[in-house]
Amino acid sequence: MRYAHILATGRYVPERVLTNADVERVLGEPVDEWLRHNVGIEQRHVMADHEVTSDLCVHAAEQAMRRAGVTPEQVDLLVIATDTPDYLSPATASVVQAKLGARNAGTYDLNSACAGWVTALDVASKTIAADDSYQRVLVVGAYGMSRFVNWKDKRTCTLFADGAGAVVLGAGDTPGFLGAKLLAAGEYHDALGIYTGGTYRPATSETLALTQGRPAVQFLRKFPATFNTDRWPVLLQQLLGRARLGLDDVDVFIFTQLNLRTIEATMQALGQPMSKTHWTMDKWGYTGSACIPMTLDDAVEQGKVKKGDLVALCASGGGLAMASALYRWTA
Ligand SMILES: CC(C)(COP(=O)(O)OP(=O)(O)OC[C@H]1O[C@@H](n2cnc3c(N)ncnc32)[C@H](O)[C@@H]1OP(=O)(O)O)[C@@H](O)C(=O)NCCC(=O)NCCS
């Protein structure tokens, strides 16, 4: 049996910091107390005017490759998970391939919003297991959502931020990758997203006038406040059951980083202590498709993830798409 192993992680956090006080100045109303109390966000990082999503990817990928001892020419496949691409088409992965000099790599983008990186990790891990021509695979999650924010909309500009996280996958004959479980609730596809720029509502001056002249992320329709706390435990239990493992076998849980209160409620529902999870929304804001690899990298760097540990990843995002995955840490 071939299994995918995570050889190394990397991340990129843009330099520019916006504190809650900075956002209050832009919005002209208080949000700091609400953000700290309800979601645990204290500040966020946003990319510089000259940066684009592919640049975020390049920084995170280069760090992961350096740590894995892998050169760009050794990468067989490069997958970018993002819903804030450089262009509608072609894929941002092609841009990143050129910027990295990964000239032997196949490329594609994967979009299942904020569940995209865990979904990409699932596909890439199964590609490694199924086909021995893939030895080194880069899986990057990137978020440049500050370019799609309406700074007058307090429901979004307070939460979303920019960043990227990456892993280099290799092959081994012990697990590694233990499985994944995906699920969507497509009936909420019209609840949260960027609803211009595609065939449904092309980006014309009329449609863009609604959102300050650029496509903007919006919460359009309510979905149940307990959506994640209801579904994450079920998803994780199904995943662990298939691997014949229990919740107590998991050493580290890493969740989508939108709301610390949601993570606390989920850990309580799972009967697990908060010491077995890790969060970064307090310092980095909500970085969507990048937040899980960024948080994983932070946990690894802080010594919270060690060789032999069982790591459970659980994501959800617009769509509403969900993805969970289980890894035995081998690095
Ligand atoms: C987004 C989320 C934090 C909003 O919290 P909520 O309690 O549902 O907020 P509501 O929309 O009901 O708003 C209630 C009040 O909170 C305040 N509020 C809501 N969002 C706010 C924000 N981002 N910043 C500041 N205040 C906010 C407002 O005062 C609002 O009152 P108003 O309607 O009179 O203006 C919460 O729904 C959540 O965690 N959802 C999960 C989303 C998720 O995980 N999605 C997948 C990943 S993308």
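Note that ligands are numbered from 1 as they come in the structure, with each ligand's atoms numbered from 1 the same way.
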- Message: Check for me whether the distance between the ring centres of Phe177 and Tyr3 falls short of 6.0 Å.
- Response: no

Worksheet item: So, does Lys222 sit close enough to ligand 1 that a heavy atom of it is under 4.0 Å from the ligand?
Response: yes

closest protein heavy atom to atom 7 (O) of ligand 1 is Trp34 CZ2, 4.4 Å

Taking only non-hydrogen atoms of Leu192 and a 4.0 Å limit, the atoms of ligand 1 in range are 48 (S)

Practice task
Could you please spell out the steps behind the side chain to side chain donor-acceptor pair (under 3.5 Å) verdict for Thr256 and Ser316?
Solution key: CA-CA 6 Å; Thr256 285; Ser316 61; 4.7 Å; no

* To do: List the steps and the verdict of side chain to side chain contact (heavy atoms under 4.5 Å, CB included) for Lys99 and Asp55.
  => CA-CA 8 Å; Lys99 288 183 176 175; Asp55 298 320; 2.8 Å; yes

Practice task
Specify whether Tyr143 and Tyr286 have parallel, tilted or perpendicular ring planes, treating 30° as the upper limit for parallel and 60° as the lower limit for perpendicular.
Solution key: perpendicular

Closest to atom 35 (O) of ligand 1 among protein heavy atoms sits Lys154 NZ, 3.7 Å

**Request:** Give a yes or no on whether a salt bridge exists between Asp22 and Arg16, defined as a side-chain N under 4.0 angstrom from a carboxylate O.
**Result:** no

Atom 20 (N) of ligand 1 protein-contacted (non-hydrogen atom, under 4.0 angstrom) | yes

Note: ligand 1 atoms sitting under 4.0 Å from heavy atoms of Val31 are 25 (C)

Checking heavy-atom distances from atom 39 (O) of ligand 1 to each of Thr229, Asp83, Asn259, the winner is Asn259

the protein heavy atom lying closest to atom 45 (N) of ligand 1 turns out to be Phe223 CZ, 4.0 Å

Near Cys114 (heavy-atom distance under 4.0 Å), the atoms of ligand 1 are 48 (S)

**Prompt:** Quick one: do Val31 and Leu258 end up in the same hydrophobic cluster if we chain Ile, Leu, Val, Met, Phe, Trp and Tyr together by side-chain heavy atoms under 4.5 Å apart?
**Reply:** yes

(Q) Tell me whether the count of non-hydrogen atoms from other residues, nucleotides or ligands lying under 6.0 Å of NZ in Lys152 goes above 12. (A) no

message: For ligand 1, which is the ligand I care about here, please tell me if Asn228 has any N or O atom under 3.5 Å from one of the ligand's N or O atoms.
response: yes

Is there a protein heavy atom less than 4.0 Å away from atom 37 (O) of ligand 1?
no

Give a yes/no verdict on whether any heavy atom in Gly317 is under 4.0 Å from an atom of ligand 1.
yes

A student comparing Gly319, Ala191, Ser316 should find that the heavy atom closest to atom 46 (C) of ligand 1 comes from Ser316

Among non-hydrogen protein atoms, atom 40 (N) of ligand 1 lies closest to Leu258 CD2, 4.2 Å

The closest protein heavy-atom partner of atom 23 (N) of ligand 1 is Thr158 OG1, 2.8 Å

Partner of Val168 under side chain to side chain contact (heavy atoms under 4.5 Å, CB included), picked from Val137, Val139, Leu7, is Leu7

Check: When you check the gap from the basic side-chain N to the acidic O, do Arg67 and Glu301 get nearer than 4.0 Å?
Finding: yes

*Could you tell me whether atom 2 (C) of ligand 1 has at least one protein heavy atom nearer than 4.0 Å?*
no

Checklist entry - Hey, is CD on Glu15 packed in by over 12 heavy atoms from elsewhere, all under 6.0 Å? => result no

The answer for which part of Leu320 has a heavy atom under 4.0 Å from ligand 1 is neither

The side chain to side chain contact (heavy atoms under 4.5 Å, CB included) partner of Arg328 among Asp309, Val311, Leu310 is Leu310

| query | At a 4.0 Å cut-off, with the gap strictly under it, does some heavy atom of Tyr286 reach an atom of ligand 1? | reply | yes

In ligand 1, the atoms that come under 4.0 Å of a heavy atom of Val39 are 3 (C)

Item to check | Any Asn38 heavy atom less than 4.0 Å to ligand 1 | outcome: no

Nearest heavy atom to atom 33 (O) of ligand 1, choosing from Arg261, His37, Met322, Arg155, belongs to Arg155

Backbone or side-chain N or O of Thr156 under 3.5 Å from ligand 1 N or O = no

One should read off an interatomic distance between Lys181 NZ and Leu236 CG, to the nearest 0.5 angstrom, of 12.0 Å

Exercise. Hey, can you tell me if Phe223 and Phe227 have their rings parallel, tilted or perpendicular (30° and 60° cut-offs)?
Key: perpendicular

